[in-house]
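Okay, so here's the structure we're looking at.
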Amino acid sequence: MTKRPFKADHVGSLLRPKRLKEARAQYQNNTISANDLKQVEDEEIERIIEKQLEIGLHSITDGEFRRSWWHFDFLEHIDGVEGYTPDHGLEFEGIETRAHNVKIVDKVKYNPNHPHFDHFKFLYDKVDGRATAKVSIPSPNQLFHPNILNEDIYPNIEDFAHDIAEAYRQSLQHFYDLGARYIQIDDVYWAGLTEGSQKVRGRQRTDEEKVQARELAYKVINQAVQGLPDDLILTTHICRGNYQSTWAISGGYEAIAPYLFKEHLDGFFLEYDDDRSGDFEPLRYFNKDAYAVLGLITSKTPKLEDKDLIKQRIEEAQQYVDLEHICLSPQCGFASTEEGNQLTEEEQWAKLAYVVELANELLGSAK
């Protein structure tokens with residue numbers, strides 16, 4: 001298998017069907033058992049595996065159907081990390097999320113019994129070699145968001161960074177041992193390190209602090225992936241937030257590109273579905289051995305993009321990245337949380353089928 005993302009790819013999360021949402025609500029209300037909920041999850045995941053194969057995708061995910069959040073469900077099962085309910089949710093464009101977050105309560109360590117290992121094994125077995133079963137997990141950098149670190153446990157942030165990276169390195173190896181050959185690391189943290197604003201302990205992060213944070217962010221990733229098997233495809237998805245078709249942060253890649261593209265990864269999923277992500281000029285820093293997965297198709301609205309415009313934007317990106325190293329995907333998933341974006345399942349599948357169609361026509365292949 002070529003060590004790169006697929007020409008037609010996707011970020012991974014999919015809209016939760018009504019049946020699954022109802023089962024989860026029943027479980028939370030104690031009217032069905034955990035086994036009953038799992039049965040529904042299993043059946044719905046098998047259904048979307050077949051649908052992804054049917055429309056021509058080569059990277060197959062479980063839609064994150066066993067998760068409520070794209071990130072918290074993974075993070076709070078790392079040893080030393082605990083979920084909790086804060087006073088307020090996260091602020092998006094005109095909307096606030098459900099109130100949930102994580103915090104550091106002990107030294108961070110790899111958890112060999114993390115439930116997402118079993119989640120992947122189910123996906124891997126059901127895909128059964130017909131395509132590539134893809135893992136999507138939150139970046140270790142998510143734990144560097146303001147107000148998560150407990151300085152009493154980690155007075156030295158370098159020690160914190162080391163422990164996080166090592167926990168991730170062992171987790172990535174465990175996924176590999178279970179059969180994973182394609183892992184995507186989802187990262188919203190980088191968006192807060194652009195020229196936009198970000199509060200730390202109730203004040204704005206200074207420019208100097210941003211530079212230090214950018215340096216640490218790429219080093220944490222590189223430590224986390226160091227020494228992993230050569231045939232493991234590793235990519236990252238850089239996101240600006242995705243909650244019920246809104247976003248949290250705007251800002252181009254210019255300020256972060258010199259640091260971000262130092263990550264030792266095979267591909268970078270980059271949001272480019274509208275002007276909040278800026279232009280392609282920051283790609284002049286791009287690692288020429290890596291692949292740029294251009295998120296030119298939005299997952300936030302149902303309308304299919306104009307084919308000529310997509311072709312034009314790919315040509316613009318070619319000023320900085322060779323066409324052979326360009327792939328195509330939606331800018332984000334369709335349901336980073338179980339609420340999902342404002343479109344139907346049918347419209348979601350139409351979007352993904354369109355990605356396959358465009359890749360075949362404009363990039364020469366969907367694979």
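Just so it is clear, the values below take in all heavy atoms, side chains as well, and ignore hydrogens, waters and symmetry mates. Residue numbers run from 1 in the order of the sequence given.
Atom NZ of Lys288 sits in a crowded spot, with more than 12 heavy atoms from other residues, nucleotides or ligands closer than 6.0 Å. Counting non-hydrogen atoms of neighbouring residues, nucleotides and ligands closer than 6.0 angstrom, the CD atom of Gln319 exceeds 12 such neighbours.
Taking Glu357 as the reference, Lys307 meet the salt bridge (Lys or Arg N to Asp or Glu O under 4.0 Å) condition, with sequence neighbours excluded. Scored by the salt bridge (Lys or Arg N to Asp or Glu O under 4.0 Å) test, Asp266 finds Lys3 as partners (sequence neighbours excluded). Taking the side chain to side chain donor-acceptor pair (under 3.5 Å) definition, one finds that Ser139 meets it with Asp187, sequence neighbours left out. Evaluation of the salt bridge (Lys or Arg N to Asp or Glu O under 4.0 Å) rule for Glu338 yields Arg24, Arg98 as partners, not counting sequence neighbours. With sequence neighbours left out, Lys262 forms a salt bridge (Lys or Arg N to Asp or Glu O under 4.0 Å) with no residue at all. The side chain to side chain contact (heavy atoms under 4.5 Å, CB included) check on Arg169 picks up Glu166, Leu228, with sequence neighbours excluded.
Counting only heavy atoms from C-beta outward, the side chains of Tyr182 and Leu234 never approach each other to under 4.5 Å. Looking at heavy atoms from C-beta onward, Asn141 lies in side-chain contact with Ile221 at the 4.5 angstrom threshold. The shortest side-chain heavy-atom distance between Leu14 and Gln52 falls under the 4.5 Å cut-off.
Checked by atom type and distance alone, the side chain of Tyr354 never pairs as donor or acceptor with a backbone atom of Ile297 at under 3.5 Å.
Between Phe175 and Phe117, the ring-plane angle classifies as perpendicular under the 30° and 60° cut-offs.
Under the 6.0 Å cut-off for aromatic ring centres, Tyr253 and Phe280 do not qualify, their centroids lying 6.0 Å or more apart. Outside the 6.0 Å centre-distance limit, the rings of Tyr291 and Phe286 are not counted as a close aromatic pair. A ring-centre distance under 6.0 Å is not found for Phe72 and Tyr84.
One finds the NE2 atom of His237 at 8.5 Å from the CH2 atom of Trp70 (value rounded to the nearest 0.5 Å). Note that the CZ atom of Arg66 and the CG atom of Leu20 stand 9.5 Å from one another [nearest 0.5 Å]. Ile238 CD1 to Asp186 CG: the interatomic distance, rounded to the nearest 0.5 Å, is 9.0 Å.
A cation-pi contact, defined as under 6.0 Å to the ring centre and within 45° of the axis, links Arg181 to Tyr176. For the pair Arg214 and Tyr189, the cation-pi test (distance below 6.0 Å, angle within 45°) is failed. Taking the ring axis of Tyr154 as reference, the NZ or CZ atom of Lys107 stays within 45° of it and closer than 6.0 Å to the ring centre.
Looking at Ser329 and Asp9, their side chains never bring a donor and an acceptor atom within 3.5 Å of each other. Checked by atom type, the side-chain pair Asp177/Gln173 shows a donor-acceptor distance below 3.5 Å.
The existence of a salt bridge linking Arg16 and Glu41 is excluded, since no basic side-chain nitrogen approaches an acidic carboxylate oxygen closer than 4.0 Å.
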